[in-house]
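Below, chain A is the first sequence line, B the second, and so on; all start at residue 1.
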Protein chains: 2
Amino acid sequence: MNIGDVASRSGLPPKTIRYYEDIGLVKPVRSTNGYRRFTDADVHKLVFLARARTLGFSIEDCRTLLGLYEDQSRESAHVKAVAEEHLHAIEQKIEQLQAMHSTLSGLVEACHGDSRPDCPILTDLSTVK
Amino acid sequence: MNIGDVASRSGLPPKTIRYYEDIGLVKPVRSTNGYRRFTDADVHKLVFLARARTLGFSIEDCRTLLGLYEDQSRESAHVKAVAEEHLHAIEQKIEQLQAMHSTLSGLVEACHGDSRPDCPILTDLSTVK
DNA sequence: ATAGTGCTTCCAGCTACTGGAAGCTCAAGG
DNA sequence: CCTTGAGCTTCCAGTAGCTGGAAGCACTAT
């Protein structure tokens with residue numbers, strides 16, 4: 001299978017698939033014409049990667065998870081630990097964003113937003129906290 | 001004032017302040033010894049930048065906001081528009097992260113997390129959605 | 001034969017810094 | 001006066017995860 005087919009099956013752009021080869025996540029063989037030739041197993045891996053990335057796992061996490069995926073003697077505890085750590089990171093990001101949101105929405109509401117120059121948003125930004 | 005003092009007053013690392021000079025956000029003059037010399041106005045700008053960055057504004061947004069901050073004839077509507085757009089982006093990010101969180105926490109709960117290899121997390125990841 | 005699409009590689013750029021090396025400047029202590 | 005250490009300078013490279021573009025070969029259809 002050529003890269004274009006794999007792209008449409010996995011939902012990943014060809015560029016990204018090449019990049020994943022560069023960093024060693026997939027290792028397609030080459031046809032005599034130099035084209036990458038992907039096996040079904042390669043496609044599975046790429047689907048796996050696409051899904052893991054939409055769940056926000058880093059590339060390094062993906063590498064780990066892919067290793068576990070292919071290791072028949074893995075322990076599910078290992079997978080769970082990786083996922084839990086990521087979950088924790090997501091929670092922290094959400095909290096950060098919610099803090100930003102709360103502050104900023106307060107400021108936006110306080111700003112009359114007309115042609116006058118005075119603005120509580122700018123006042124806040126220029127204030128040392 | 002030297003960069004070290006400015007760093008402690010603004011909370012920004014010296015490296016970051018130099019970077020902000022590189023990209024034209026501040027323009028400190030130079031002393032005869034080659035050191036950057038910051039005025040109070042420069043410090044105000046850097047405090048402004050530090051605060052805007054903690055609220056998640058991009059550097060380009062910061063550049064715009066800084067321009068408005070220094071423009072006495074600005075319209076608060078302009079500031080508000082920039083802030084609202086950013087607020088919207090924050091909301092979208094939060095939604096994305098919450099979707100990830102919801103999926104992932106379901107999977108983590110479903111995984112028994114022991115020494116056995118079978119794992120619903122991996123099963124999900126390897127499934128085309 | 002030719003046109004058009006798909007594939008290849010390589011290089012550069014994106015965001016917002018951060019680390020490190022090499023070297024100059026300055027203030028304090030002996 | 002000399003040395004030591006901290007602070008400053010510049011420059012280069014690397015981080016994450018792609019993405020865009022150029023130049024050029026391969027393949028298919030007409």
inquiry  = Does D/dC25 have OP1 or OP2 under 4.0 Å away from a side-chain N or O of A/N33?
reply    = no

request  = Ignoring backbone atoms, test whether A/T16 places a side-chain nitrogen or oxygen under 4.0 Å from the OP1 or OP2 oxygen of D/dT19.
outcome  =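 Checking A/T16 against D/dT19: at least one side-chain N or O falls below 4.0 Å of OP1 or OP2.
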
ask   = What do you reckon, is CD of A/E91 surrounded by more than 12 foreign heavy atoms closer than 6.0 Å?
value =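 Yes, the 6.0 Å shell around CD holds more than 12 heavy atoms from other groups.
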
ask   = For B/R9, does the CZ atom have more than 12 heavy-atom neighbours from other residues, nucleotides or ligands under 6.0 Å away?
value = no

For [X], which contact category applies under a 4.0 Å heavy-atom criterion: base, sugar-phosphate, or nothing?
X: A/R36; result: sugar-phosphate
X: A/P14; result: nothing
X: B/R30; result: sugar-phosphate
X: B/R18; result: base
X: B/I23; result: nothing

inquiry  = Nearest to the side chain of A/Y35, heavy atoms from C-beta on, is which of D/dC8, D/dC18, D/dC27?
reply    = D/dC27

ask   = Measuring from A/L12:CG to A/I17:CD1, what's the distance to the nearest 0.5 Å?
value =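 Reported to 0.5 Å precision, the distance equals 5.5 Å.
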
[X] has an atom [atom1]; how far is it from atom [atom2] of [N], in whole Å?
X: A/E60; N: D/dG14; atom1: CD; atom2: P; result: 17 Å
X: A/R53; N: D/dT19; atom1: CZ; atom2: P; result: 10 Å
X: B/K15; N: D/dG14; atom1: NZ; atom2: P; result: 14 Å
X: B/D22; N: D/dT9; atom1: CG; atom2: P; result: 12 Å
X: A/L12; N: D/dG17; atom1: CG; atom2: P; result: 14 Å
X: B/I17; N: D/dG7; atom1: CD1; atom2: C1'; result: 14 Å
X: A/Y19; N: D/dA16; atom1: OH; atom2: P; result: 8 Å

key: Closest-nucleotide ordering on DNA chain D, the 5'-leading residue of A/T32 and A/Y20   =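 Counting from the 5' end, the first nearest nucleotide belongs to A/Y20.
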
key: Flag for B/H78-B/D71: side-chain donor and acceptor within less than 3.5 Å   =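 No donor-acceptor contact under 3.5 Å links the two side chains.
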
inquiry  = When you compare the side chains of A/D124 and A/T127, does any donor N or O come within less than 3.5 Å of an acceptor on the partner?
reply    =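 A/T127 and A/D124 do not have a side-chain donor-acceptor pair below 3.5 Å.
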
key: Flag, side chain of B/S31 to backbone of B/N33, donor-acceptor distance under 3.5 Å   =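 No, the answer is negative, given that no donor and acceptor are paired below the 3.5 Å cut-off.
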
ask   = 5' to 3' on DNA chain C, which nucleotides open and close the contacts with chain A (atom under 4.0 Å from a heavy atom)?
value =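 Endpoints of the contacted stretch of DNA chain C: C/dG6 to C/dC10.
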
request  = Give the minimum heavy-atom separation between B/H101 and A/I94, together with the two atoms involved.
outcome  = CB-CD1, 4.4 Å

